[in-house]
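When a residue number appears, it is its place in the shown sequence, counting from 1. Order of appearance sets the numbers: ligands from 1, and atoms from 1 within every ligand.
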Amino acid sequence: MKAVQYLDVESVRVGEVPDPELLTADDVLVRVTASAICGSDLHLYRGHIPGMSPGSIMGHEYVGTVAAVGDRVRQFQVGDRVVGTFHVACGACAQCRLGQYHQCAGGGVLGYGLAFGDYPGTQAEMVRVPYGDVNLRKIPDGLADEKAIFCGDILTTAYGAVRNSGLQPGERCAVIGAGPVGLMAVMAARVMGAAEVYSIDRDPERAEATAAFGAIPIASSRTNPVRRIMQATDGLGADVVIEAVGGPQTLALAFQLVRGGGRIAAVGVTAETEWSYPLMTALTRDITFRVGLANIHRDIDATMKLVQAGRLDPSSVISHRLPLEGAPEGYRLFHEQRATKVLLTI
Ligand code: NAD
Ligand code: ZN
């Protein structure tokens, strides 16, 4: 089959690889119909996260059709349309039984290298999904692939971050980063009742584009975001801040934007292992800070219902639809921020 393979920093190719096979009775083989390029794939592409061996298959945002099921699979049959979660969980360990699927003892992330379970990725004609009953959802009739796909990763990541922030109706929310995850956070915060959503990006074009999603844009390369948000909130700050970039700089900014007693939920991925926590600020201003990978399994059923009901339309972030063969170009465009979101159709 054809698959997108990692070769080296800023180098991917579409190559021929062996078809996957069912390895356990819990596996499901999915014939992939579309797989998106995620901002998390860019960290691999840029060489920021080690552990991808040359030739390994990339990708973890996907939809497709069930092609084969193992003997223990109960929820799926050949031909079902499905969306998968970007991280895999066993559904049976102590963490999964607590609902902490992103902390699964035997889990990992599809297409994310050795440190994340070494699972082949989804930017391919076919993928083996471990523990299929746990890591797949049927796509309801009438729900387009282009909408369902984002429930398996970025929409649900953003929704989960807003949920973790404890946003209350009528509160003011600042979102740092206006990539696809930031845009999803804007949409989710509005659906969850935010009175105002400020969207901050250093790239003026990306910032301005958020107005179409109902946000108040702030291009941080031109306008001081702290001053702007303090002005807009009578010197108080944002009730909640969602950080959707990753790394020390934007985490520090989050602490400057949030009001005393406010909450920060960070989902940006970074290869930094440490960061100097603003302990005195957090202590005296009573700031709640939360960071973590998304728990897609916790929230995917909710986001799928919101999308199906038309309350959220995540497909509006797609800027480029390319065939699988166009993956090298898709990665380049997304890396250079000339694409907002690239969907590879297969
Ligand atoms: P992206 O790379 O498309 O977007 C990042 C945006 O941040 C860009 O628009 C960029 O201009 C902006 N930016 C970079 N540095 C900035 C700065 N200093 N100040 C202001 N803006 C800045 O990525 P994305 O797809 O939107 O994903 C965002 C982050 O979310 C990534 O780190 C991704 O890995 C992460 N993510 C995390 C999870 C999770 O489970 N926690 C899931 C999916 C994605
Ligand atoms: Zn992702």
Pairs involving residues 5-53, ordered by first then second residue, that meet ring-ring contact (aromatic ring centres under 6.0 Å, His included) (sequence neighbours left out): Y45-Y331, Y45-H335
Number of protein N, O or S atoms [distance to the Zn ion (ligand 2) under 2.8 Å]: 3
Mark up the atoms of ligand 1 that fall under 4.0 Å of a heavy atom belonging to V181, in ascending order. 24 (P), 25 (O), 26 (O), 27 (O), 28 (C), 30 (O), 44 (C)
Return the CG to CG distance between L333 and L322, rounded to the nearest 0.5 Å. 7.0 Å
For side-chain contact (heavy atoms from CB on, under 4.5 Å), just list the numbers for Y62 and L110, CA-CA rounded to whole Å, side-chain angles, deciding distance to a tenth of an Å, and then say yes or no. CA-CA 10 Å; Y62 70 107; L110 297 170; 3.7 Å; yes
Check the pair R338 / E329 against salt bridge (Lys or Arg N to Asp or Glu O under 4.0 Å), numbers first and verdict last. CA-CA 11 Å; R338 289 190 286 137; E329 187 197 350; over 6 Å; no
Near F86 (heavy-atom distance under 4.0 Å), the atoms of ligand 1 are 40 (O)
Let's go through E146 and R321 carefully: what are the C-alpha distance in whole Å and the side-chain angles of both, what is the deciding distance for salt bridge (Lys or Arg N to Asp or Glu O under 4.0 Å) to 0.1 Å, and is it a yes or a no? CA-CA 10 Å; E146 290 198 352; R321 293 170 181 80; 2.7 Å; yes
Options Q337, R202, H335, R206, ranked by nearest heavy atom to atom 10 (C) of ligand 1, top entry: Q337
Pick whichever of H102, H43, H87 has a heavy atom sitting closest to atom 31 (C) of ligand 1. H43
Pairing of E171 and R259 as salt bridge, 4.0 angstrom limit: yes
Closest protein heavy atom (residue, atom, distance) for atom 9 (O) of ligand 1: D201 OD2, 2.6 Å
Whether the side chain of Q5 engages the backbone of G55 through a donor-acceptor N/O pair (distance < 3.5 Å, no angle test) should be reported. yes
Ligand 1 to T157, heavy atom cutoff 4.0 Å, flagged ligand atoms 38 (C), 39 (C), 42 (C), 43 (C)
Checking a contact table here: which protein heavy atom is nearest atom 2 (O) of ligand 1, and how many Å away? L42 CD1, 3.9 Å
What distance separates I300 CD1 from F86 CZ, expressed to the nearest 0.5 Å? 11.0 Å
Just which atoms of ligand 1 are under 4.0 Å from any heavy atom in T250? 17 (C), 18 (N), 19 (N)
So does D239 pair up with R263, basic N to acidic O under 4.0 Å? no
For a 4.5 angstrom cut-off between non-hydrogen side-chain atoms, does Y119 reach V109? no
Name the one of I216, V175, I229, T250 that satisfies side-chain contact (heavy atoms from CB on, under 4.5 Å) with I200? I229
If only atom types and distance count, is the side chain of R81 paired as donor or acceptor with the main-chain N or O of L143 below 3.5 Å? yes
What do we get for D153 next to ligand 1 when only non-hydrogen atoms under 4.0 Å count, side chain, backbone, both or neither? side chain
Heavy atoms only: which of L293, T156, V267 is nearest to atom 37 (C) of ligand 1? V267
Under a 4.0 Å heavy-atom limit, does L183 contact ligand 1 with its side chain, its backbone, both, or neither? neither
Against heavy atoms of P180, which atoms of ligand 1 measure under 4.0 Å? 3 (O), 24 (P), 25 (O), 26 (O)
Per-atom contacts, ligand 1 versus A294 - under 4.0 Å to a heavy atom: 39 (C), 40 (O), 41 (N)
Using heavy-atom distances, let me know which of G182, G246, A244, G39 sits nearest atom 5 (C) of ligand 1. A244
Are the side chains of C104 and Q95 in touch, meaning some heavy atoms are under 4.5 Å apart? no
Identify, for atom 4 (O) of ligand 1, the protein heavy atom at the shortest distance, and state residue, atom and that distance. G179 CA, 3.4 Å
Please lay out, stage by stage, how R72 and D26 fare under the test salt bridge (Lys or Arg N to Asp or Glu O under 4.0 Å). CA-CA 5 Å; R72 272 201 299 269; D26 299 309; 3.0 Å; yes
Quick one: does H60's side chain have a donor or acceptor within less than 3.5 Å of a partner on C38's backbone? no
Per-atom filter on ligand 1: closer than 4.0 angstrom to a heavy atom of F334 are 3 (O)
Going by heavy atoms, is G292 under 4.0 Å from ligand 1? yes
Options V245, I37, L253, ranked by nearest heavy atom to atom 7 (O) of ligand 1, top entry: V245
Distance to 0.1 Å, residue and atom name: give those for the protein heavy atom nearest to atom 33 (C) of ligand 1. S40 OG, 3.4 Å
